[in-house]
Participant: 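Below is one structure. I have some questions about it.
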Amino acid sequence: MKHRDDLRPLAGGVVHDRSWAEEVRTSARCSAALFVLLLFVDWAAGSLDWWRGGLWLLLALLLLLVLFPARVSAGEGWLASRRLLRTRRIRTDLLVTVRPVNGVTRRLVLADAFGDRVEIDPEVLIRNPDLWYRLDEGTRSSERNGTLRRGTAALHSLADDLDRETALSVFRASGLD
């Protein structure tokens, strides 16, 4: 019998990033705010015409494309990241490398034995325990099989971050923070 508080997803089920829709709405709001602000400034300066309005719309759409988040989903033995035009999918049970990339935002690059590669934000895994469970399940299988050659330290560091965040949320929920 499955308990309600069990974090493991149903066997064979596909899990998705639960905060993806909110991130899309936030991206759309930022783009719309930029468009309205540019129109207002141009109108207040008295230089607004149809081609400048079109240019501001194009700029707002470009911002939307830049801010649009990837939709991360996972199933038994696979993880996928879908952008606007392309979906990348890897086999988590055949991972070869896991590499953290530090820059403006932290990224995690996962590569499997077939040469496929997925780049995801580790915060997505921290916010979605179901996704983390699927990835962890696959990486443990890769470690057992001996295919995962590089990146176990990065995964263990991410697991520590996830455990810390889970403990903090339990403390917050119980009023012990």
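All values reported here derive from a predicted model rather than from experimental measurement.
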Participant: Do Leu55 and Leu57 sit in the same hydrophobic cluster, where Ile, Leu, Val, Met, Phe, Trp and Tyr count as joined when their side-chain heavy atoms come under 4.5 Å apart?
Facilitator: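 Leu55 clusters together with Leu57.
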Participant: Apply salt bridge (Lys or Arg N to Asp or Glu O under 4.0 Å) to residues Asp136 and Arg140 and explain how you reach the verdict.
Facilitator: CA-CA 6 Å; Asp136 187 48; Arg140 287 178 192 269; 2.9 Å; yes
Participant: Other members of the hydrophobic cluster containing Val66, with the 4.5 Å side-chain heavy-atom rule, please.
Facilitator: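 Via sub-4.5 Å side-chain contacts, Val66 links to none.
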Participant: Hey, quick one: are Leu48 and Leu59 part of the same hydrophobic cluster, counting side-chain heavy atoms closer than 4.5 Å, chains of contacts allowed?
Facilitator: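 Linked, Leu48 and Leu59 end up in one cluster.
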Participant: How close do Ile90 and Asp112 get, counting heavy atoms only, and between which atoms?
Facilitator: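 What the structure gives for the nearest pair is CA-OD2, 3.5 Å.
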Participant: Would a 4.5 Å heavy-atom cut-off, applied to side chains only, mark Thr152 and Thr139 as touching?
Facilitator: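 When only atoms from C-beta onward are counted, Thr139 and Thr152 do not touch, as no gap falls below 4.5 Å.
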Participant: Taking atom CZ of Arg172 and atom CD of Glu165, what is their separation to the nearest 0.5 Å?
Facilitator: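 The CZ atom of Arg172 sits 5.5 Å away from the CD atom of Glu165.
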Participant: May I ask whether Leu148 and Phe114 are part of the same hydrophobic cluster, defined by side-chain heavy atoms of I, L, V, M, F, W, Y residues being less than 4.5 angstrom apart, directly or through others?
Facilitator: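 No, because Leu148 and Phe114 fall into different hydrophobic clusters, even though each may have its own neighbours under 4.5 Å.
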Participant: What's the spacing between Glu76 CD and Ser141 OG if we round to 0.5 Å?
Facilitator: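 If we round to the nearest 0.5 Å, Glu76:CD and Ser141:OG are 10.0 Å apart.
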Participant: Go through Glu119 and Arg117 one step at a time and tell me if the salt bridge (Lys or Arg N to Asp or Glu O under 4.0 Å) criterion holds.
Facilitator: CA-CA 7 Å; Glu119 188 173 325; Arg117 190 176 69 93; 3.8 Å; yes
Participant: In chain order, what residues pass the salt bridge (charged side-chain N to carboxylate O under 4.0 Å, His left out) check against Arg52, with sequence neighbours excluded?
Facilitator: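 Per chain and number, Arg52 pairs via salt bridge (charged side-chain N to carboxylate O under 4.0 Å, His left out) with Asp42.
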Participant: Can you measure from OG (Ser142) to CG (Leu110) and round to the nearest 0.5 angstrom?
Facilitator: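 Reported to 0.5 Å precision, the distance equals 10.0 Å.
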Participant: May I ask you to test the Pro69-Val24 pair for a side-chain heavy-atom distance under 4.5 Å?
Facilitator: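 When only atoms from C-beta onward are counted, Val24 and Pro69 do touch, with a gap below 4.5 Å.
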Participant: Less than 4.5 Å apart, side chain to side chain, heavy atoms only: is that true for Ile126 and Leu158?
Facilitator: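 Side chain of Ile126 against side chain of Leu158, heavy atoms only: contact under 4.5 Å found.
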Participant: Apart from Val101 itself, what residues make up its hydrophobic cluster when side-chain heavy atoms of I, L, V, M, F, W and Y under 4.5 Å apart count as a link, directly or indirectly?
Facilitator: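 Val109, which link up through side-chain heavy atoms under 4.5 Å apart, make up the rest of the cluster.
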Participant: For a quick test of reading the model, state the closest non-hydrogen atom pair linking Phe35 to Gly53 and the distance between them.
Facilitator: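 For Phe35 and Gly53, the tightest heavy-atom pair comes out as CE1-O, 3.7 Å.
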Participant: What about Leu39 and Trp43, same hydrophobic cluster or not, with Ile/Leu/Val/Met/Phe/Trp/Tyr joined at side-chain heavy-atom distances under 4.5 Å?
Facilitator: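 Yes, one cluster joins them.
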Participant: With no hydrogens and no angle check, is any side-chain donor or acceptor of Ser81 less than 3.5 Å from a backbone partner on Ala70?
Facilitator: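 No: the side chain of Ser81 does not pair with the backbone of Ala70.
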Participant: Could you work out, with side chain to side chain donor-acceptor pair (under 3.5 Å) as the rule, every residue matching Arg106, not counting sequence neighbours?
Facilitator: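 Partners of Arg106 by the side chain to side chain donor-acceptor pair (under 3.5 Å) criterion come out as none, since no residue qualifies.
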Participant: Between His16 and Ser73, what is the shortest heavy-atom contact and its length?
Facilitator: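 Of all heavy-atom pairs spanning His16 and Ser73, the closest is ND1-CB, 3.2 Å.
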Participant: Look up atom CH2 in Trp78 and atom CZ in Arg89, then write down how far apart they are to the nearest 0.5 Å.
Facilitator: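 Rounded to the nearest 0.5 Å, the CH2-CZ separation comes to 4.5 Å.
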Participant: Would you mind telling me which of Leu79, Val72, Asn128, Leu131 makes a side chain to side chain contact (heavy atoms under 4.5 Å, CB included) with Val15?
Facilitator: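 Result: among Leu79, Val72, Asn128, Leu131, Leu131 is the only option passing the side chain to side chain contact (heavy atoms under 4.5 Å, CB included) with Val15.
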Participant: Supply the atom-to-atom distance Asp130 CG to Leu125 CG, rounded to the nearest 0.5 angstrom.
Facilitator: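 The CG atom of Leu125 is 11.5 Å from CG of Asp130, to the nearest 0.5 Å.
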Participant: How long is the span from the CG atom in Leu95 to the CG atom in Leu135, to the nearest 0.5 Å?
Facilitator: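 Those atoms lie 7.0 Å apart.
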Participant: With side-chain contact (heavy atoms from CB on, under 4.5 Å) as the criterion, how do Val124 and Trp132 come out once you've worked through the C-alpha distance, each side chain's angles and the decisive distance to 0.1 Å?
Facilitator: CA-CA 9 Å; Val124 170; Trp132 169 249; over 6 Å; no
Participant: Is the backbone of Leu64 close enough, under 3.5 Å, to the side chain of Ser31 for a donor and an acceptor to pair up by distance?
Facilitator: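 Between the backbone of Leu64 and the side chain of Ser31 there is a qualifying donor-acceptor contact (under 3.5 Å).
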Participant: Step by step, would you call Glu22 with Arg29 a salt bridge (Lys or Arg N to Asp or Glu O under 4.0 Å)?
Facilitator: CA-CA 10 Å; Glu22 181 59 34; Arg29 280 188 218 119; 3.6 Å; yes
Participant: Run the side chain to side chain donor-acceptor pair (under 3.5 Å) test against Asp49 and tell me which residues pass, sequence neighbours left out.
Facilitator: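 For Asp49, the residues satisfying side chain to side chain donor-acceptor pair (under 3.5 Å) (neighbours in sequence not counted) are Trp51.
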Participant: Leu61, Phe40: one ILVMFWY side-chain cluster at the under-4.5 Å cut-off?
Facilitator: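 Yes, because Leu61 and Phe40 connect within a single hydrophobic cluster, where side-chain heavy atoms sit under 4.5 Å apart.
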Participant: Is it true that the side chains of Ser19 and Arg127 contain a donor and an acceptor less than 3.5 Å apart?
Facilitator: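 Yes - a donor-acceptor pair under 3.5 Å links their side chains.
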Participant: State whether the side chain of Ser157 and the backbone N or O of Ala153 hold a donor-acceptor pair below 3.5 Å, judged by distance alone.
Facilitator: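 Not a single qualifying donor-acceptor pair exists.
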Participant: So, using side chain to side chain donor-acceptor pair (under 3.5 Å) as the criterion, who are the partners of Arg83 when residues are at least two apart?
Facilitator: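 Scan of Arg83 (side chain to side chain donor-acceptor pair (under 3.5 Å), adjacent residues dropped) gives none.
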Participant: Could you tell me which non-hydrogen atom of Arg107 sits nearest to which non-hydrogen atom of Asp121, and how far apart they are?
Facilitator: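 Closest approach of Arg107 to Asp121, heavy atoms only: NH1-CB, 3.2 Å.
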Participant: Run Glu143 and Arg149 through salt bridge (Lys or Arg N to Asp or Glu O under 4.0 Å) and show every step you take.
Facilitator: CA-CA 8 Å; Glu143 284 181 305; Arg149 295 183 214 119; over 6 Å; no
